[in-house]
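Worksheet: the structure to be examined is printed underneath.
Chain letters run A, B, ... following the sequence lines, proteins first, then strands; residues in each count from 1. Worth saying up front: this structure is predicted, and the values here are computed from it rather than measured.
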Number of protein chains: 2
Amino acid sequence: MVKTKDKIILAAEKLFSEHGFEQTSLRQITSEADVNLASVNYHFGSKKSLIQAVMSRYQSVFMPALDEQLSRLAEHETYSTTDVLACITAPLIALRQVRIDGPVIYLRLLGFAYSEIQGHLRKFTMTHFGHVVQRFFEMIQQANPHLSRKTLFWRLHFSLGAMLFAQVSGQALREIALADFGEETQAEETFLKLLPFVAAGIAADDPESQI
Amino acid sequence: MVKTKDKIILAAEKLFSEHGFEQTSLRQITSEADVNLASVNYHFGSKKSLIQAVMSRYQSVFMPALDEQLSRLAEHETYSTTDVLACITAPLIALRQVRIDGPVIYLRLLGFAYSEIQGHLRKFTMTHFGHVVQRFFEMIQQANPHLSRKTLFWRLHFSLGAMLFAQVSGQALREIALADFGEETQAEETFLKLLPFVAAGIAADDPESQI
DNA sequence: TCTTATTTTAAACATGCGTTTAACTCAGTT
DNA sequence: AACTGAGTTAAACGCATGTTTAAAATAAGA
């Protein structure tokens, strides 16, 4: 027999990843989970806490795995931007342990977490896994010594934006792509298409330093 | 004396661009504009119509200007990805006519228009200015004959995502950047930093075609 | 088995939203 | 001077949200 708390988590993940956090009401969640409305507040305290519980379930698997990948790569003498970016793939696939469609769910949740003004989610991530994020940043910098920290900062966030947008708008975009040139695109394929784009963008020459 | 309708538009633009469309209530707008709550529905009919009026004010200046820039470039025999992307700059700056901080406002509005699920805004843009968007796409393709339509489609949307994210999260990111390495970044500077990133990402080799 | 926690439930609560209503103001017209 | 119509206003409407309450049901322990 499935516990009420788990039913809530599973339904919340699904609906959050489809419609975003703010656009999903507790009534939708409890209806999908087939539990009573008040049980969310009983088990999680508040909607905000439920959101954090949902995110934490994925972050606590993804972040340590990413940290380990970065550790391995760091032992090499040199590495490219693509090498660092490639460290993301395995930890992402590891999210299948959490849920069969975990990788897609997590990326979509991440997208909404940033595009909505979920300030508490950003804070939550940084206080728990800030060191991993920082390490990632430093290794990208190591791979691109020709770029200033400032330029790298912005390019990494451009990359993040590209990924998040592709995930959040993913379904709509895949439908358009299908209508425009009759070719299906799988959700995971999107992420693979992203990597070379991002790698080239990050490693591009910096106009500022050419002056 | 400033008309009520204009006071509403100005206040709505400001608040929409700061907090998004759904996160901004009519009560906030009418309070900021110092007009009565009901006057929005009287002058615009509904919140949805107000949103479209706000967007239209910028689109009707930006899109024709972009179209003209593309026309000029199209007369050249060849052009690069950067050339096509550079066509965006002048029309963006032209938005100063609409409002002194028009360029920033418009980019931020665009960001929210896509990151929130404002389906009607996408439809609105495509029915009115779909031919400009399509022309832009085709010229990017012309500049990158080595890439498949599918790859280009995705890379353009990655680029869009990078730009939108930088705008929507722009203020928060600039604050972080300032705290991290004590360097101010102007809102418009962000857009300039974006261009080389996007140009390199779009023009990158396509792994698929290398197989 | 009786008692005590724990969990579930239906109902209500307080708040904020977009919208509508109907009364009122006031310049312009007849 | 009386009328007209666009504009403004305060108030209320209907609805949806997250949260709380208190009673009922179930599970656990003595």
Side-chain angles (χ1 to χ4, degrees), chain A residues 1-57 109 112-113 115-124, chain B residues 1-57 109 112-113 115-124:
Chain A
M1 173 231 179
V2 184
K3 290 245 193 293
T4 298
K5 198 169 176 176
D6 294 329
K7 289 206 279 183
I8 294 174
I9 283 268
L10 291 178
E13 281 176 7
K14 183 192 170 202
L15 294 175
F16 282 156
S17 73
E18 284 172 0
H19 311 115
F21 299 103
E22 308 212 346
Q23 297 299 323
T24 304
S25 71
L26 294 184
R27 283 168 177 82
Q28 287 175 266
I29 293 172
T30 53
S31 176
E32 167 89 20
D34 198 33
V35 301
N36 187 272
L37 169 63
S39 55
V40 171
N41 287 283
Y42 177 78
H43 285 287
F44 294 92
S46 65
K47 185 181 180 181
K48 189 192 263 189
S49 299
L50 172 61
I51 293 174
Q52 288 188 354
V54 165
M55 287 304 291
S56 178
R57 214 164 81 97
L109 290 175
F112 284 115
S115 64
E116 297 178 19
I117 309 175
Q118 299 282 354
H120 66 100
L121 269 180
R122 172 175 229 125
K123 216 167 284 178
F124 183 83
Chain B
M1 173 235 182
V2 185
K3 290 242 191 297
T4 298
K5 196 169 176 177
D6 294 330
K7 290 206 279 185
I8 294 173
I9 282 269
L10 291 177
E13 282 176 5
K14 182 192 171 202
L15 294 175
F16 282 156
S17 75
E18 284 172 359
H19 310 115
F21 298 103
E22 308 212 347
Q23 298 298 323
T24 304
S25 71
L26 294 185
R27 282 168 178 82
Q28 286 175 265
I29 293 172
T30 52
S31 176
E32 167 89 21
D34 199 32
V35 300
N36 186 271
L37 168 63
S39 56
V40 172
N41 289 87
Y42 177 79
H43 285 288
F44 294 92
S46 67
K47 184 181 180 181
K48 190 192 262 190
S49 299
L50 172 62
I51 293 174
Q52 289 187 354
V54 165
M55 286 305 292
S56 179
R57 213 164 83 97
L109 290 176
F112 284 116
S115 64
E116 296 180 17
I117 311 178
Q118 298 282 355
H120 66 101
L121 269 181
R122 174 176 227 125
K123 219 167 283 179
F124 182 82

In whole Å, what is the span from the NZ atom of Lys3(B) to the P atom of dA27(C)? 13 Å
For Ser46(A), enumerate each residue passing the side chain to side chain contact (heavy atoms under 4.5 Å, CB included) test, keeping only those at least two apart in sequence or located in another chain. Lys48(A), Ser49(A)
At what angle, to 10 degrees, do the two end axes of the helix from dT1(C)-dA30(D) to dT30(C)-dA1(D) meet, given five pairs define each axis? 20°
Can you check whether Thr4(A) has a side-chain N or O nearer than 4.0 Å to OP1 or OP2 of dT8(C)? yes
Just to confirm, is there a sub-4.0 Å distance from OP1 or OP2 of dT8(C) to any side-chain nitrogen or oxygen of His43(A)? yes
Give me the atom names and distance for the closest heavy-atom approach of Ser17(B) to Leu109(B). N-CD2, 3.7 Å
To the nearest Å, how far apart are Leu15(B) CG and dG18(C) P? 12 Å
The correct set of residues in residues 28-42 of chain B placing a heavy atom under 4.0 Å from DNA chain C is Leu37(B), Ala38(B), Asn41(B)
In chain order, what residues pass the side chain to side chain donor-acceptor pair (under 3.5 Å) check against Lys7(A), with sequence neighbours excluded? none
When the distance from CG of Leu26(A) to P of dT15(C) is rounded to whole Å, what number comes out? 18 Å
What is the distance from CD of Glu22(B) to C1' of dG16(C), rounded to the nearest Å? 15 Å
What's the NZ-P distance between Lys7(A) and dT8(C), to the nearest Å? 9 Å
Which residues satisfy the side chain to side chain contact (heavy atoms under 4.5 Å, CB included) test with Asp6(B), sequence neighbours excluded? Val2(B), Lys3(B)
Taking only residues two or more places apart in sequence, or in another chain, which ones meet Thr30(A) in a side chain to side chain contact (heavy atoms under 4.5 Å, CB included)? Val35(A), Leu37(A), Val40(A)
Given dG18(D), dT8(D), dT19(C), identify the nucleotide with an atom nearest to the side chain of Lys47(A). dG18(D)
Taken to the nearest whole Å, CZ/Arg27(A) to P/dA12(C) is 14 Å
With sequence neighbours left out, what residues match Lys47(A) under side chain to side chain donor-acceptor pair (under 3.5 Å)? none
Figure out the CG/C1' separation between Leu50(A) and dT19(D), and round it to whole Å. 14 Å
Answer with base, sugar-phosphate or nothing: what part of the nucleic acid does Thr24(B) contact at a heavy-atom distance below 4.0 Å? sugar-phosphate
Between dA16(D) and Ser25(A), is there an OP1 or OP2 to side-chain N/O distance shorter than 4.0 Å? no
Ser25(A): which residues meet the side chain to side chain contact (heavy atoms under 4.5 Å, CB included) condition with it, sequence neighbours left out? Arg27(A), Gln28(A)
Between atom CD1 in Ile51(B) and atom C1' in dC17(C), what is the gap in whole Å? 13 Å
Taking only residues two or more places apart in sequence, or in another chain, which ones meet Phe44(A) in a ring-ring contact (aromatic ring centres under 6.0 Å, His included)? none
Atom of Val54(A), atom of Ala12(A) and distance for their closest heavy-atom approach: CG2-CB, 4.1 Å
